[in-house]
A.B. asks: 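Input: one structure, supplied below.
Sequence lines set the chain letters: A, B, ... in the order given, protein chains first and strands last, and positions in each chain run from 1.
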Protein chains: 2
Amino acid sequence: MTSPRAAGTAPRSALTRARVLESAVTLADRDGLGALTMRSLARELGIEAMSLYHHVANKEDLLDGVVDVVAAEIQDAVGRLEALPDDAPESSWKPALRRQILAARTVLLRHPWASTVLESRKSFSLHVVRYYDSLIGLMRRGGFSYDLVHHAMHALGSRALGFSQELFEPDGATAGSAGDGSAEEGAADAATALLLQMADELPHMVEMLAEVGHQDTGSTLGWCDDQTEFEFGLDLILDGLERLAEREKP
Amino acid sequence: MTSPRAAGTAPRSALTRARVLESAVTLADRDGLGALTMRSLARELGIEAMSLYHHVANKEDLLDGVVDVVAAEIQDAVGRLEALPDDAPESSWKPALRRQILAARTVLLRHPWASTVLESRKSFSLHVVRYYDSLIGLMRRGGFSYDLVHHAMHALGSRALGFSQELFEPDGATAGSAGDGSAEEGAADAATALLLQMADELPHMVEMLAEVGHQDTGSTLGWCDDQTEFEFGLDLILDGLERLAEREKP
DNA sequence: CGAGGAGGCTTACGGTGTAAGCCTTACGAC
DNA sequence: GTCGTAAGGCTTACACCGTAAGCCTCCTCG
């Protein structure tokens, strides 16, 4: 960069905290979270591991930063949605909230490792908080009391950011793997087989699997259509909130 | 043990896989998940690290086993609940399901690290599956179609086991710490202060915090009363499921 | 009694995050 | 121009992690 730099900025290097974080995100996207080590990140950037410590305090700080990058992406995606007109009816909080959350979800689907990291943070990203603030704003416009909003945010939990931890995905989420997907399928099949094997002990479970049939997935991860299930759960909560909001009215 | 052992059991050692897993649970309870390493676990048992590998295949297997122990505890706690009488009305699925889930939760509250481990498993514990089977059974008795049951299980997600990942607990969950709790409080206060500092950027968030007032917690972890919030979210889902079940009826 | 293996132990390797310290370079003040 | 300062690289080294390989000593069973 040959441009004159702002008043107290770093002098010569093209390497900045921002570039480090960006690189970390790409690396995690490509090779999975497990592959994101200080040494491998440094290699990616063409420097030595210890040099990273001039831009991030330690690995926790790196992960904080990486979360912040993803959160910024979320905020950006949400920002692209068309704003509610000022004269929108009170009831429009619900589709609006739904849209924002699903927009956030598209971002997290691009970074499958991010949910894990998000959950492990103990400090929070300002971008996330700003996103939350917009969700709260929507509910307020819907006539929610702050008390109800507060409960609502807790009830949504991580779903507000677009993910919900599925127990039992026989593979998924762990590494990039980037394979043809037959590995996941294999694991899912193996799991199902194992369940069938003890059918007498798990009557309802087995019967359910037989009936619901986990066959035609295709869309996302192995077993079920996560997107459908995510929206099902989300709508369940939104409907419930709607009823509670109605009840609050005088 | 001086008793004659059953037909193909291990010969002399008092150390068994069961004892290893038990020890691992106690260690994690006392010192946190981070303190559970092969070496520290071995020290706890008075042996060398490598000796553990005669009882568990590797660390993943150890964690699988540890999850299984906790899941067995859950199954046990659920088993202690009084069974539904045969002539219970169809509608009793709901309080029964609620009771089972809250019973599972009491177990997980005794092992705060367990939720993290549970989520990280890719194979599943038979005890967990059996527990799930009982939940499914309850819903079936409530007249749910298998399709609805399936959606319901996804919607409940980890909540079925008694935990929901709270975004933003300023401390908690990471280590035993066993301190007076003032550390958590400090972190929570610091976080709140930081939020207040940018009140102009987060109008709704700050107003909500001011109104809801996160002051009188006392019960569980730092910020909010997790138990209340957990039950709120759980009831929101159960109510929603009840309505859908009604709608399914002819 | 002798073979075999279960279950300890020791040693060693590669990988992790990171503390400590050195060397170069660019910048701002004189 | 010169020089002090410090940003930002690099090298080395340490503690700790999971675990592969191999040794030894019993106990058990044929």
Side-chain angles (χ1 to χ4, degrees), chain A residues 1-24 27-28 31-66 113 116-117 120-122 174-175, chain B residues 1-24 27-28 31-66 113 116-117 120-122 174-175:
Chain A
M1 299 305 152
T2 57
S3 62
R5 48 193 193 71
T9 328
R12 67 171 162 197
S13 156
L15 195 59
T16 64
R17 176 178 170 102
R19 257 176 46 74
V20 167
L21 297 182
E22 218 174 298
S23 227
L27 201 161
D31 301 336
L33 189 57
L36 176 56
T37 71
M38 300 303 269
R39 286 177 169 84
S40 71
L41 177 55
R43 198 178 317 124
E44 186 86 1
L45 287 161
I47 59 172
E48 293 300 311
M50 288 312 291
S51 301
L52 288 171
Y53 288 85
H54 286 155
H55 304 280
V56 297
N58 47 42
K59 184 148 191 197
E60 282 297 289
D61 184 39
L62 172 72
L63 292 177
D64 282 349
V66 155
W113 44 269
T116 306
V117 186
S120 72
R121 294 308 79 201
K122 63 180 49 173
T174 47
Chain B
M1 299 308 154
T2 56
S3 62
R5 47 196 193 69
T9 328
R12 67 172 160 192
S13 157
L15 195 60
T16 63
R17 177 179 169 101
R19 257 176 48 74
V20 166
L21 298 181
E22 216 174 299
S23 227
L27 202 161
D31 301 337
L33 188 56
L36 177 56
T37 72
M38 299 304 269
R39 286 178 169 84
S40 71
L41 176 57
R43 198 178 318 125
E44 185 86 2
L45 287 160
I47 58 171
E48 293 302 310
M50 287 313 290
S51 301
L52 287 171
Y53 287 84
H54 286 200
H55 304 280
V56 297
N58 47 41
K59 182 148 190 196
E60 283 297 290
D61 184 39
L62 172 71
L63 293 178
D64 283 351
V66 156
W113 45 268
T116 307
V117 186
S120 73
R121 296 307 81 201
K122 62 180 48 171
T174 46

A.B. asks: Donor-acceptor pairs under 3.5 Å, side chain of residues 35-45 of chain B to any protein atom, not counting sequence neighbours: which ones?
C.D. replies:
residue, atom, partner, partner atom, Å
B:Thr37, OG1, B:Arg39, N, 3.4
B:Thr37, OG1, B:Ser40, N, 3.0
B:Thr37, OG1, B:Ser40, OG, 3.2
B:Ser40, OG, B:Ala35, O, 2.6
B:Ser40, OG, B:Thr37, N, 3.1
B:Ser40, OG, B:Thr37, O, 3.1
B:Glu44, OE1, B:Arg30, NH2, 3.0
B:Glu44, OE2, B:Arg30, NH2, 2.4

A.B. asks: Between P on D:dT19 and CG on B:Asp61, what's the gap in Å once rounded to a whole number?
C.D. replies: 10 Å
A.B. asks: Give me the residues of residues 37-45 of chain A where at least one heavy atom lies under 4.0 Å from an atom of DNA chain C, by number, or none.
C.D. replies: A:Thr37, A:Met38, A:Arg39
A.B. asks: Given D:dG18, C:dG8, C:dT18, which nucleotide is nearest the side-chain atoms of A:Lys59?
C.D. replies: C:dT18
A.B. asks: Could you state the atom-to-atom distance from NE2 of B:His54 to P of D:dC24 in whole Å?
C.D. replies: 15 Å
A.B. asks: State which of D:dG9, D:dT12, D:dA20 makes the closest approach to the side chain of B:Met50.
C.D. replies: D:dA20
A.B. asks: Round to a whole Å and report the spacing from CD1 of A:Ile47 to P of D:dT11.
C.D. replies: 12 Å
A.B. asks: Tell me: CG of B:Leu15 to C1' of D:dC26, nearest whole Å?
C.D. replies: 16 Å
A.B. asks: Roughly, in whole Å, what's the span from CD in A:Glu60 to C1' in C:dT18?
C.D. replies: 13 Å
A.B. asks: For B:Trp113 and B:Leu33, work out which heavy atoms get closest and say how close.
C.D. replies: CB-CB, 4.0 Å
A.B. asks: Tell me: CG of A:Leu52 to P of D:dA7, nearest whole Å?
C.D. replies: 17 Å
A.B. asks: Distance check, rounded to the nearest 0.5 Å: B:Lys122 atom NZ versus B:Glu60 atom CD?
C.D. replies: 7.0 Å
A.B. asks: Starting at CD of A:Glu22, measure out to OG1 of A:Thr16 and round the result to the nearest 0.5 Å.
C.D. replies: 8.0 Å
A.B. asks: Is any side-chain nitrogen or oxygen of A:Ser51 closer than 4.0 Å to OP1 or OP2 of D:dC10?
C.D. replies: yes
A.B. asks: Measure CG/B:Asn58 against C1'/D:dT19 and give the value in whole Å, please.
C.D. replies: 9 Å
A.B. asks: Quick check: does any side chain N or O of B:Arg17 sit under 3.5 Å from a backbone N or O of B:Leu62, one acting as donor and the other as acceptor?
C.D. replies: no
A.B. asks: B:His55 has an atom NE2; how far is it from atom P of C:dA6, in whole Å?
C.D. replies: 12 Å
A.B. asks: Measure the CG-CG distance between B:Asp64 and B:Leu21 for me, rounded to the nearest 0.5 Å.
C.D. replies: 10.0 Å
A.B. asks: Is it the case that the side chain of A:Ser23 and the backbone of A:Val20 share a donor-acceptor pair, with hydrogens and angles ignored and the cut-off at 3.5 Å?
C.D. replies: no
